[in-house]
Amino acid sequence: YIRLELVSILRDWDNVIRNLKEKRHQDIIEALELEELEGVFKTELNKITSELKKLSTNYAITEEINTNLSWLNTLFRAELLLQSYFLEMSAFNPLRDLIGKLSILMRKVLRMNGYELMSIYLLDEQKPEADKLVYQTEDSDISKKLLSLINVQNRVKLHQNIRKIANFFVDVEGFRYLNINAGNNAENVKGICRVCLKTEAERR
């Protein structure tokens with residue numbers, strides 16, 4: 001099942017991205033890092049489908065978690081951004097569906113290898129305990145690109161007017177992956193959760 005779904009996603013990806021470019025959404029494509037993701041994830045998905053075809057569930061994603069999280073982080077970030085900022089843009093429905101399917105499958109592959117993606121929510125309040133878990137990257141170039149988009153600016157302003165909270169997350173560039181077989185301890189977590197934080201001071 002997983003292998004067939006991955007093959008279907010690989011087949012549909014090019015058409016979905018091409019249609020978005022034709023509709024002049026290059027700025028959003030860049031903010032979501034979809035072109036950077038494309039080359040890497042196609043290679044990785046081909047590896048996964050090859051392993052699954054041999055009925056092997058022990059895909060070397062564990063090595064990816066230990067050494068290179070960038071493509072997984074980009075995938076889960078794109079999913080989160082599409083859900084948080086672009087739900088009302090019907091042109092992005094095919095991409096949202098495709099990214100959503102791929103994210104579900106990759107979560108399954110992660111679990112097959114003993115890891116769980118640790119959740120974070122955008123436009124969510126920064127809790128005091130988050131200081132122990134989060135490295136803030138307010139000045140990152142990629143977050144600046146995202147926050148320059150009108151859709152994102154409008155959504156953030158609307159959120160500011162509706163919810164009266166001091167600080168909240170507007171972007172995330174890294175995720176944390178828990179080794180579910182080893183317990184919820186710091187040494188069993190791979191990756192760093194890096195967020196862009198919107199502060200009360202910035203809104204004055």
Side-chain angles (χ1 to χ4, degrees), residues 1-13 32-84 95-137 140 142-143 169 171-197:
Y1 166 75
I2 294 178
R3 184 179 69 85
L4 293 177
E5 284 293 316
L6 290 174
V7 170
S8 175
I9 290 169
L10 284 168
R11 184 184 63 237
D12 295 339
W13 180 267
L32 269 61
E33 294 190 292
L34 295 178
E35 292 180 329
E36 288 81 355
L37 172 65
E38 182 176 0
V40 178
F41 101 90
K42 281 185 176 180
T43 299
E44 296 301 326
L45 291 191
N46 280 322
K47 289 181 184 177
I48 298 172
T49 54
S50 176
E51 293 295 322
L52 290 173
K53 190 173 183 180
K54 294 185 291 187
L55 301 180
S56 170
T57 59
N58 191 26
Y59 167 65
I61 201 167
T62 303
E63 181 179 347
E64 286 290 322
I65 291 171
N66 287 317
T67 59
N68 180 20
L69 292 167
S70 61
W71 80 276
L72 286 174
N73 286 336
T74 304
L75 168 65
F76 294 129
R77 174 179 180 265
E79 178 190 31
L80 199 53
L81 295 182
L82 287 166
Q83 293 173 344
S84 301
L95 177 64
R96 190 180 301 107
D97 291 344
L98 205 61
I99 290 289
K101 289 178 182 178
L102 180 55
S103 296
I104 289 172
L105 292 174
M106 291 314 304
R107 284 182 173 87
K108 289 182 179 179
V109 173
L110 281 166
R111 284 193 293 272
M112 286 159 54
N113 286 270
Y115 282 88
E116 189 83 38
L117 176 70
M118 300 181 72
S119 298
I120 184 172
Y121 302 96
L122 297 185
L123 303 176
D124 195 20
E125 183 175 13
Q126 182 198 29
K127 305 293 195 304
E129 60 268 22
D131 290 334
K132 302 176 183 178
L133 307 176
V134 173
Y135 176 73
Q136 299 167 12
T137 57
S140 72
I142 184 169
S143 287
F169 304 136
D171 192 10
V172 58
E173 296 177 36
F175 294 84
R176 303 168 78 233
Y177 303 83
L178 174 67
N179 185 331
I180 57 181
N181 297 319
N184 191 12
N185 300 314
E187 60 268 22
N188 299 323
V189 175
K190 303 297 182 182
I192 298 174
C193 182
R194 300 186 301 273
V195 301
C196 178
L197 180 68

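One-based numbering along the sequence shown.
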Considering only distance and modelled atom types, tabulate donor-acceptor pairs under 3.5 Å from the side chains of residues 95-102, sequence neighbours left out.
| unit_1 | atom_1 | unit_2 | atom_2 | d |
| --- | --- | --- | --- | --- |
| R96 | NH1 | N93 | OD1 | 2.5 |
| R96 | NH2 | F86 | O | 2.2 |

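To the nearest 0.5 Å, atoms OG (S84) and CG (D171) are separated by 9.5 Å. In this structure, CD1 in I104 is found 12.5 Å from CE in M106, a value given to the nearest 0.5 Å. Summarising the geometry, atom CG belonging to L75 is positioned 11.0 Å from atom CG belonging to L32; distances are rounded to the nearest 0.5 Å. To the nearest 0.5 Å, the span separating CG on L72 from CZ on F175 amounts to 10.0 Å. One finds the OG1 atom of T74 at 5.0 Å from the CD atom of E33 (value rounded to the nearest 0.5 Å).
Between Y177 and F76, the ring planes are tilted. Angles from 30° to 60° get that label.
Contact check for L80 versus I120: side-chain heavy atoms found under the 4.5 Å cut-off. Two residues are said to be in side-chain contact when any heavy atoms from C-beta on lie closer than 4.5 Å; Y115 and I180 fail this criterion.
Residues forming a side chain to side chain donor-acceptor pair (under 3.5 Å) with E79 (at least two apart in sequence, or on another chain): S103, R107.
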